[in-house]
Participant: 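Pasting a structure here, questions to come.
Worth knowing before you read on, the calculation uses all heavy atoms, side chains too, and leaves out hydrogens, waters and symmetry mates.
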Amino acid sequence: MVSTKTINSERSKSTEKTEAILTGAMKEFLAHGYAATSMDRVAKAAGVSKATVYSHFGDKEGLFNALIQDLAKEKFKTAMLLQEPEFAQKEPKIVLHQLANQILENAVEDRTFQNFIRIIVGESGRFPELAKTYVNNLAKPGIEILARYFKSHPELNLPDAEATVRVFIGTLVYYMMLQE
């Protein structure tokens with residue numbers, strides 16, 4: 001019989017390997033772009049075997065998708081606050097001001113995220129699935145959360161909450177592009 005301690009130790013090793021692979025992959029994608037990054041390079045950067053990379057993520061697209069999902073978890077911490085009852089009750093002017101400031105601060109301070117987004121944009125012509133993954137895991141959920149928040153405030157009198165969200169986010173993205 002396998003002990004609980006052994007199982008937990010194996011999970012910990014697997015988590016450490018996963019984190020090492022994601023860190024190595026981010027480094028390689030940022031240095032070489034999507035097309036030029038190989039699983040060999042990722043394995044070497046992560047300090048694991050190529051077979052380990054494949055067993056954890058399947059292929060390069062699966063690895064890239066995992067990076068986007070990892071970023072989504074980190075970046076949605078701010079947007080997720082809109083679902084908390086205390087924020088839902090606050091005046092939209094205050095919440096949106098705080099949200100915009102938080103998004104801008106996070107984006108300006110996080111060079112890795114900026115560079116990763118540049119890869120997605122730059123490679124999306126040749127690899128449209130990268131952009132689709134970004135939209136499905138990062139953009140679309142964020143738009144949905146903010147649109148629900150807007151809809152929960154009828155005093156805003158918005159005929160199309162989703163269009164308003166896209167304008168709000170688009171304005172922030174445009175500002176960041178000009179600044180960075």
Participant: Walk me through whether Val53 and Lys50 qualify under side-chain contact (heavy atoms from CB on, under 4.5 Å).
Facilitator: CA-CA 5 Å; Val53 177; Lys50 189 166 133 178; 5.5 Å; no
Participant: Could you tell me whether a side-chain N or O of Asp110 sits under 3.5 Å from a main-chain N or O of Asn106, the two making a donor and an acceptor?
Facilitator: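 It does not hold such a pair.
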Participant: Any donor-acceptor pair under 3.5 Å linking the side chain of Thr133 with the backbone of Asn65?
Facilitator: no
Participant: Can you tell if the side chain of Phe127 reaches within under 4.5 Å of the side chain of Ile120, non-hydrogen atoms only?
Facilitator: no
Participant: Has the side chain of Arg41 got a donor or acceptor atom that lies under 3.5 Å from a matching backbone atom of Ala25?
Facilitator: no
Participant: Crowded around Lys90 NZ? As in, over 12 foreign heavy atoms under 6.0 Å?
Facilitator: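 Atom NZ in Lys90 is packed in, count exceeds 12.
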Participant: Between Glu129 and Ser124, is any pair of side-chain heavy atoms under 4.5 Å apart?
Facilitator: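 Sidechains of Ser124 and Glu129: no contact.
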Participant: Taking all atoms of both residues into account, what is the closest heavy-atom pair of Phe64 and Leu130, and its distance?
Facilitator: CD2-CD2, 3.3 Å
Participant: Is there a donor-acceptor pair closer than 3.5 Å between any side-chain N or O of Asp70 and the backbone N or O of Ala66?
Facilitator: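 No, Asp70 side chain to Ala66 backbone: no donor-acceptor pair under 3.5 Å.
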Participant: Mind checking the CE-CD spacing from Met177 to Gln114? Nearest 0.5 Å is all I need.
Facilitator: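 Between Met177 CE and Gln114 CD, I get 11.5 Å after rounding to 0.5 Å.
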Participant: In terms of hydrophobic clustering (I, L, V, M, F, W, Y; side-chain heavy atoms under 4.5 Å; direct or indirect links), are Val167 and Ile103 co-clustered?
Facilitator: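 Per the 4.5 Å side-chain linkage, Val167 and Ile103 are not co-clustered.
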Participant: Work out which heavy atom in Phe168 is nearest to a heavy atom in Leu96; give both atom names and the distance.
Facilitator: CZ-O, 3.8 Å
Participant: Hey, any chance Val95 and Leu104 share a hydrophobic cluster, counting ILVMFWY side chains that come within less than 4.5 Å of each other, even indirectly?
Facilitator: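 Linked within one cluster.
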Participant: So, are Glu123 and Arg126 salt-bridged, with charged N and O less than 4.0 Å apart?
Facilitator: yes
Participant: Answer yes or no: is there a side-chain heavy-atom contact under 4.5 Å between Leu22 and Leu63?
Facilitator: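 Yes - at least one pair of side-chain heavy atoms lies under 4.5 Å apart.
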Participant: Within the distance-only criterion (no hydrogens, no angle test), does the side chain of Lys60 pair as donor or acceptor with the backbone N or O of Ser38 below 3.5 angstrom?
Facilitator: no
Participant: Atom CD in Gln69, atom CG in Asn136: separation rounded to 0.5 Å?
Facilitator: 10.0 Å
Participant: Would you give the length of the straight line joining atom OG of Ser49 to atom NZ of Lys17, rounded to the nearest 0.5 angstrom?
Facilitator: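 Ser49 OG to Lys17 NZ: 7.0 Å, rounded to 0.5 Å.
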Participant: Can you find a pair of side-chain heavy atoms, one from Thr18 and one from Phe57, that are under 4.5 Å apart?
Facilitator: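 Thr18 reaches Phe57 side chain to side chain.
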Participant: Would you kindly say whether Thr52 and Ser55 are connected by a side-chain donor-acceptor distance under 3.5 Å?
Facilitator: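 No, because no side-chain N or O of Thr52 sits under 3.5 Å from a partner of the opposite role on Ser55.
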Participant: Give me the atom names and distance for the closest heavy-atom approach of Phe116 to Leu67.
Facilitator: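 Heavy atoms only, the tightest pair is CZ-CB, 3.8 Å.
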Participant: Using side-chain contact (heavy atoms from CB on, under 4.5 Å), reason through Leu99 and Tyr149 one step at a time and then give a plain yes or no.
Facilitator: CA-CA 12 Å; Leu99 181 64; Tyr149 175 80; over 6 Å; no
Participant: Should the heavy atoms of other residues, nucleotides or ligands under 6.0 Å from NE2 of His32 be counted, would the total exceed 12?
Facilitator: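 Counting other residues, nucleotides and ligands, NE2 of His32 exceeds 12 neighbours.
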Participant: How long is the gap from CG on Asn101 to CD on Gln98, to the nearest 0.5 Å?
Facilitator: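 Separation between the atoms: 8.5 Å.
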Participant: Are the side chains of Glu61 and Tyr34 in touch, meaning some heavy atoms are under 4.5 Å apart?
Facilitator: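 They are in side-chain contact.
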Participant: Rounded to the nearest 0.5 Å, how far apart are CG of Asp40 and CD of Glu28?
Facilitator: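 It comes to 10.5 Å.
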Participant: Report the distance from atom CD1 of Ile21 to atom CE of Met39, rounding to the nearest 0.5 Å.
Facilitator: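 Reported to 0.5 Å precision, the distance equals 8.5 Å.
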Participant: Looking only at heavy atoms, what is the nearest atom pair of Ala100 and Leu172, with distance?
Facilitator: CB-CD2, 3.9 Å
Participant: Check whether any side-chain heavy atom of Leu146 sits under 4.5 Å from a side-chain heavy atom of Thr164, and report yes or no.
Facilitator: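 No, side chains not in contact.
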Participant: Quick one: list whatever passes side-chain hydrogen bond (donor to acceptor under 3.5 Å, both in side chains) with Glu162, sequence neighbours left out.
Facilitator: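 side-chain hydrogen bond (donor to acceptor under 3.5 Å, both in side chains) list for Glu162, sorted by chain: Arg166.
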Participant: Examine distances only and state if a side-chain atom of Thr23 and a backbone atom of Ala20 form a donor-acceptor pair shorter than 3.5 Å.
Facilitator: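 Answer holds: no.
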Participant: So do Glu144 and Lys140 actually touch side chain to side chain, heavy atoms under 4.5 Å?
Facilitator: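 Yes, side chains in contact.
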Participant: Is there a side-chain contact between Asn115 and Arg118, using heavy atoms and a 4.5 Å cut-off?
Facilitator: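 In contact.
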